[in-house]
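Structure record follows, encoded as structure tokens.
Convention: sequence-line order gives letters A, B, ...; per-chain numbering from 1. All of these numbers come straight from a predicted model, not from anything done at the bench.
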Protein chains: 2
Amino acid sequence: MARVTIQHVAQAAGVSPSTVSNFLNDRQGRMVAATRTRIETAIAELGYRPNRAARQLRNGKTQTVGLVVPSVGNPFWGAFAHEVEVAALALGCSVLLCNSERDPERERRYVEELWEDGVRSIILCTSLPSLDHVSQVIKEGLRLVTFDRPAQPHDPESVVSISIDNNVGGQVATAHLLELGHTRIAFVSGSIRSVNRSARYRGYCDAIEAAGLSVADMPHWTGLDADLFGDVEAAEVGRAAAKDLFADPATAPTAVVAINDMTALGFCRGLRDLGLKVGRDVSVIGFDDIILADLYDPPLTSVRQPITRMAQLAVSEAVERGSNESTDPGSSVLLRAELVVRESTARLA
Amino acid sequence: MARVTIQHVAQAAGVSPSTVSNFLNDRQGRMVAATRTRIETAIAELGYRPNRAARQLRNGKTQTVGLVVPSVGNPFWGAFAHEVEVAALALGCSVLLCNSERDPERERRYVEELWEDGVRSIILCTSLPSLDHVSQVIKEGLRLVTFDRPAQPHDPESVVSISIDNNVGGQVATAHLLELGHTRIAFVSGSIRSVNRSARYRGYCDAIEAAGLSVADMPHWTGLDADLFGDVEAAEVGRAAAKDLFADPATAPTAVVAINDMTALGFCRGLRDLGLKVGRDVSVIGFDDIILADLYDPPLTSVRQPITRMAQLAVSEAVERGSNESTDPGSSVLLRAELVVRESTARLA
DNA sequence: TATGGTCAGTGCATCGTTACACCGATTTCA
DNA sequence: TGAAATCGGTGTAACGATGCACTGACCATA
């Protein structure tokens, strides 16, 4: 069961390995139709599949897309990773998965390792304000697509960003609560040092101000030192927030915008611990619209990210840009987030 | 910024590339301590990292573990994939992720592609009764670790299986409900053609019979043609089951064992649609203990799979067995599942 | 009939690492 | 003391695919 190499194909087709190589690499203009078909049938009959390692060694590239997410343990990232894999498969690539745990140092290490292993396209799900930690590799030619992190002024030119418009998302979520008559609306998040989180927060602030209210008057949760919290623990943030915000009923909010669905669900759980009922006593809205938002009791209102479309965009940017050695400047795509209203938000009694 | 190769290291250390290679491949017995340290410092100073492609081309192997899961979009598999990645990282390997969508043909294709790309160890999360579709590759030397699928009589000898004892799990879950006074207990699942599912079902039956009851008397849900349902749709199965089982109140169950947490949550959602309250009106128990089980309202009783430990076991079997070319027969590890009692199960009123 | 230009395809060096055969210098031991 | 074994290490030929420089054969033009 020895491996079928390009030589075997060449022999079977009665040509030289070089010609087969030309065939494989779309330099087919340089050969007569008959040769082309002879090679084609030889490949089919022998079941030849090019050896990746050899290819990569020769030209220093892979057909692999690197995917760095905070943690696939989190349902949102799991779902996104899944979509990425599907999209990559459609384009004939495989996906190398890395969990950064939101640790910049791990992000850097993964990106560099991937680069040195010949991966030329990486989808990096980060929300760090700066890309300094990977800029060296970008200079060397890495195609970087960031996800969930809109472009920032000092980003390297070639970077492509795919993200929802978090500011608008924050506004839509908050406006929804305002329309329901709520005037004491809290924003619950771990650290908002990340760009997407602060954008959501700004959207929240904008909507509050636009309604003639003052952010300063809103119940405020300063939070735990959120750097302690990875993604899986996002729920704990929500739970802790509920406990703190409702410690004094006089200052408690009637509605809450949570930074994501996991935090929202944790918050709901915290309310339950306090004997409060989501929807009836307190309105809660999350972000992401993970699959569990709809399953929850009560079903969670959420700002949906169109992850299927985003994954497709990210992969095609990563793969297609990677194929031509273009150095045209990157782009920044901000998709519109969609409000999905369910039962966790209700008119103020 | 040219690549640092083994030659550069050799030159810097004043030895031949072969010696550096020997050093790297733990044939250090064949060299004097001084040489060893010279190589070590040279590597550190130059920041040398061996080129994977070249290594792989040379000896036909990778340091990569293949992971084939049904879908990382499902929180359980996402969490498992995460644990696998962590465990692999600790052993210096990377993980190539594939989603089979529970399609045997995709499973086969992925396994073969991985094999041909030099991956020699694969963790396959399948629950197909037979491994015929990948047996060819196993014969050629693939180290296969199956997860969530205990060993079957006709499995190739070298296969290692890691799984919980689903039969016992099914019994424990059912016994818990029986102890709470329930006598009308339904089992809800999509297709139980898979080995783990049927084991859970047998455990359920065993417990029923052991209590002096008859499975035939239990409310039964024949289900949709469950092959239509991927993992993400597991919740839909639960939802549909709730609707059907409670169509006639006279024959409705008072408690339900769901095949996994997603289905259990879907079932809870279905109950809610019907105006029934989980815990109070109907007891529901799931499998897996995904992170959302604890967040749900009410928190879901579940049979926990110790995924961290299982992932570690799977990776170490895959990697360590892969390193020595042993052909010793595989093993089958059945871990004990742990019942986590929460509020979705309650004493029969 | 020279000259030059296409066209279709080939030969060869090369990517970075590794296994194996080999080599000179000591050491061992009968 | 001489033959063999051991030690510490080196030289070289691969692994499979690629792309550049090249070669004949053929055609067109002057």
field: 5' precedence on DNA chain C between Ser16(A) and Arg55(B) (nearest-nucleotide basis)
entry: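 This one resolves to Ser16(A).
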How close or far is atom [atom2] of [N] from atom [atom1] of [X], stated in whole angstroms?
X	N	atom1	atom2	value
Arg36(B)	dG8(D)	CZ	P	9 Å
Asn22(A)	dA21(D)	CG	P	14 Å
Arg52(A)	dT18(D)	CZ	P	13 Å
Ile6(B)	dT14(C)	CD1	P	19 Å
Gln63(A)	dG16(D)	CD	P	20 Å
Asp117(A)	dT17(C)	CG	P	12 Å
Leu24(B)	dA19(C)	CG	P	11 Å
Asn25(B)	dC20(C)	CG	P	12 Å

Given [N], is OP1 or OP2 found less than 4.0 Å from the side-chain N or O atoms of [X]?
X	N	result
Thr19(B)	dT10(D)	yes
Thr35(A)	dA8(C)	no
Arg58(B)	dA19(C)	no
Ser18(A)	dG19(D)	no
Thr5(A)	dG16(D)	no
Asn59(A)	dA17(D)	no

task: May I ask you to decide whether Glu105(A) forms a salt bridge with Arg108(A), counting only side-chain N to carboxylate O separations under 4.0 Å?
output: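 Yes, this pair counts.
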Can a donor-acceptor pair be found between the side chains of [X] and [Y] at a distance below 3.5 Å?
X	Y	value
Glu112(A)	His133(A)	no
Ser194(A)	Arg149(A)	no
Ser94(B)	Arg52(B)	yes

- prompt: Per the side chain to side chain contact (heavy atoms under 4.5 Å, CB included) rule, which among Ile122(A), Val111(A), Val159(A), Asp155(A) passes with Ile138(A)?
  reply: Val159(A)
query: Side chain of Asn51(B): nearest nucleotide among dT18(D), dG19(D), dG16(C)?
result: dG16(C)
message: Which nucleotide wins on minimum distance to the side chain of Leu57(B), given the candidates dG9(C), dT17(C), dG16(C)?
response: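 In terms of side-chain proximity for Leu57(B), the closest of dG9(C), dT17(C), dG16(C) is dG16(C).
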task: For Val15(B), answer base if it contacts any base atom (sugar-phosphate contacts may also be present), sugar-phosphate if it contacts only those atoms, and nothing otherwise; contact means non-hydrogen atoms under 4.0 Å.
output: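 Counting heavy atoms under 4.0 Å across all strands, the contact made by Val15(B) is with sugar-phosphate only.
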query: Base, sugar-phosphate, or nothing for Gln7(B), non-hydrogen atoms under 4.0 angstrom?
result: base
- request: Walk me through it: do Val15(A) and Phe23(A) pass the test side chain to side chain contact (heavy atoms under 4.5 Å, CB included)?
  value: CA-CA 11 Å; Val15(A) 294; Phe23(A) 172 86; over 6 Å; no
- request: For the helix from dT1(C)-dA30(D) to dA30(C)-dT1(D), measure the angle between the helix axis at one end and the axis at the other, each built from five pairs, rounding to 10°.
  value: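 Between the axes fitted at each end of the helix from dT1(C)-dA30(D) to dA30(C)-dT1(D) lies an angle of 50°.
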message: If you apply the rule side-chain hydrogen bond (donor to acceptor under 3.5 Å, both in side chains), what do you find for Arg102(A) with Ser71(A), and how did you get there?
response: CA-CA 8 Å; Arg102(A) 287 209 187 279; Ser71(A) 160; over 6 Å; no
Point-to-point distance, once rounded to the nearest 0.5 Å, from CD of Gln136(B) to CG of Leu142(B):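 Nearest 0.5 Å value for the CD-CG distance: 11.5 Å.
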